[in-house]
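Atoms within a ligand are numbered from 1 in the order they appear, just like the ligands themselves.
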Amino acid sequence: MTDGIRCMLMRGGTSKGAYFLADDLPADSAERDALLLRIMGSPDPAQIDGIGGGHPLTSKVAVVAPSADRSTDVDYLFLQVAVDEAVVSDRQNCGNLLAGVGPFAVERELVPPPADMASVRIRMVNTGSVAVADFGAPGGRVEYAGDLAMNGVPGTAAPITLTFEGTAGSSTGALLPTGNPQDEVAGVTVTCVDNGMPSVLLRAADLGVAGTEDPAELEAKPDLAERVLEIRLAAAELMGLPADPSATVPKVVLLSPARDGGAISTRSFLPVRCHRAIGVLGAATVGAGIRLPGTIGHDLAALPSANASGEDAGTLRIEHPSGFFDVSVALDLTGRSPTATASAAMRTARKLFDGTVFPRSY
Ligand code: NQM
């Protein structure tokens, strides 16, 4: 491995990560994770000796392979490489890095060259959910330049439409993992919900903050960090997830009324650093959560009436620290337990660098 490993650096949505072909990494997961820590430069807050960016949103890895499942084109395994701990986690999906997976599959010829529009079916190995990425690739070459502006990313780029199937209960088995629209956790009322990203929704006001602060301001409050951890660990148990302080899920999401014409305002934790925007599946999960009657978010949200319940998949605008994220979520409320049938969002991605990465040797 000292000769270097083929790697593409891409921005996927509002995140950035290293994309690898599975065949270019060790098959053994412990060996692979040890190598990824050396490649990204962890553990070190600055990741100075690696290619990670010193923040959870820029310390991400996508491992892509031809799909082992005949109904999908490629398999995408997401790995979160912790910045200041020697931990690599496969316990969550990442919809932002997902935005780069279709383009990467075309670049690495894992799918036949598209004539004009590419449509890549992606199995998200972390949870078994499926995403379809549609994007322009005229003459078989991925089109990165385009007109779509995305809050949290300067400039514009070509749109990538992501459509999700089977995200409800991705890691927990049910859209409402506890079976309840509200639970009492560590002395506060929350909604536990999982439409691709297991999340704990609660009122920002219940933790003594407005919910519109800058991420840095929220991160600077030690009491808040302690409460977020307590809530995360207690909710994890209720949701059937390991109550592990180093686990990246469930995410804790503080909700407050929308300020800029959206449905709801959010501040989500990654789980310790506060997100500069919101994740894709994070937004799909908040969108599902606020539309379900009886949840914490339902009462706080400004929902267009067609969106308040039922199956309408209209767009919901989720406000976040750098602007807003539009997501559509289709729910089925007719069965004994509610479920989400499909979710969709638009993202952009960009190839930043393609070459060989040299991991540190120790
Ligand atoms: O929710 C960060 C991100 C994410 C996750 C995180 C994501 C998603 O913004 O789909 O994309 O929540 O850890 O990259």
Side-chain angles (χ1 to χ4, degrees), residues 9-19 40 52-53 55-62 76-83 85 87-102 122 124-127 129-131 133 150-153 160-168 170-172 193-201 215 219 228 232 241 246-254 266-289 316 318 320-329 340 343-350:
L9 202 61
M10 297 185 91
R11 173 183 65 75
T14 49
S15 287
K16 185 155 61 178
Y19 290 66
M40 301 304 276
H55 190 282
L57 296 176
T58 53
S59 182
K60 296 181 169 240
V61 166
Y76 154 52
L77 172 70
F78 168 67
L79 296 171
Q80 178 72 54
V81 180
V83 174
E85 286 178 280
V87 173
V88 178
S89 172
D90 64 359
R91 288 212 200 123
Q92 71 164 83
N93 276 323
C94 176
N96 271 308
L97 231 57
L98 169 74
V101 170
I122 302 164
M124 297 192 286
V125 176
N126 304 74
T127 55
S129 321
V130 171
M150 243 179 56
N151 289 145
V153 180
I160 299 170
T161 305
L162 298 174
T163 312
F164 296 95
E165 299 162 15
T167 49
S170 65
S171 307
T172 57
V193 57
D194 174 7
N195 187 24
M197 186 61 70
S199 301
V200 189
L201 314 183
E219 286 173 4
V228 166
R232 173 158 69 88
L241 296 168
S246 334
T248 60
V249 284
K251 309 288 182 192
V252 173
V253 186
L254 308 187
T266 61
R267 293 294 180 269
S268 53
F269 289 83
L270 289 166
V272 176
R273 303 292 304 269
C274 180
H275 207 307
R276 296 166 182 158
I278 191 168
V280 179
L281 291 154
T285 296
V286 170
L316 289 172
I318 311 293
H320 59 65
S322 42
F324 58 82
F325 189 125
D326 286 337
V327 66
S328 69
V329 181
S343 309
M346 301 271 273
R347 297 274 84 185
T348 66
R350 207 167 76 74

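Distance check, rounded to the nearest 0.5 Å: CG of Leu98 to CG of Asn93 gives 8.0 Å. A distance of 8.0 Å separates SG of Cys94 from CG of Leu57, quoted to the nearest 0.5 Å. Note: Thr266 OG1 to Leu254 CG = 9.0 Å, rounded to the nearest 0.5 Å. Going from atom NZ of Lys251 over to atom CD of Gln92 covers 3.5 Å, rounded to the nearest 0.5 Å. Atom CG of Asn126 sits about 7.5 Å away from atom CZ of Phe78, to the nearest 0.5 Å. One distance of note links CZ of Arg232 with OG of Ser199; it measures 12.5 Å at 0.5 Å rounding.
Backbone and side-chain nitrogen or oxygen atoms of Cys94 are examined, and none is located within less than 3.5 angstrom of a nitrogen or oxygen of ligand 1. In terms of N/O distances under 3.5 Å, ligand 1 is not approached by Gln80. The N/O atoms of Val280, backbone and side chain alike, include one that comes under 3.5 Å of an N/O atom in ligand 1. Considering backbone and side-chain N/O atoms, Leu281 comes within less than 3.5 Å of an N/O atom of ligand 1.
Taking atom 2 (C) of ligand 1 as the reference point, the nearest protein heavy-atom neighbour is Lys60 NZ, 3.2 Å. Among protein heavy atoms, the minimum distance from atom 1 (O) of ligand 1 is reached at Gly282 N, 2.9 Å. Summary of contacts: the protein heavy atom closest to atom 11 (O) of ligand 1 is Asn96 N, 2.9 Å.
Under the side-chain contact (heavy atoms from CB on, under 4.5 Å) test applied with Val327, the options Val280, Ile318, Ile278, Leu281 reduce to a single match, Ile318. Only one option out of Asp194, Thr285, Thr127 pairs with Ser170 in a side chain to side chain donor-acceptor pair (under 3.5 Å); it is Asp194.
The shortest heavy-atom distance from Thr248 to ligand 1 is not under 4.0 Å.
The Leu270 neighbourhood of ligand 1 comprises atoms 2 (C), 6 (C), 12 (O), 13 (O), with distances under 4.0 Å to a heavy atom of that residue. Every atom of ligand 1 with a heavy atom of Lys251 under 4.0 Å away is listed here by number and element: 6 (C), 12 (O), 13 (O). Taking every non-hydrogen atom of Ser15 and a distance limit under 4.0 Å, the qualifying atoms of ligand 1 come out as 3 (C), 9 (O), 14 (O). Counting atoms of ligand 1 from 1 in the listed order, those under 4.0 Å from a heavy atom of Gly95 are 7 (C), 8 (C), 10 (O), 11 (O). Below 4.0 Å from some heavy atom of Met197 lie the following atoms of ligand 1, by number and element: 1 (O), 8 (C).
Shown here is Arg350, whose CZ atom has no more than 12 heavy atoms of other residues, nucleotides or ligands within 6.0 Å.
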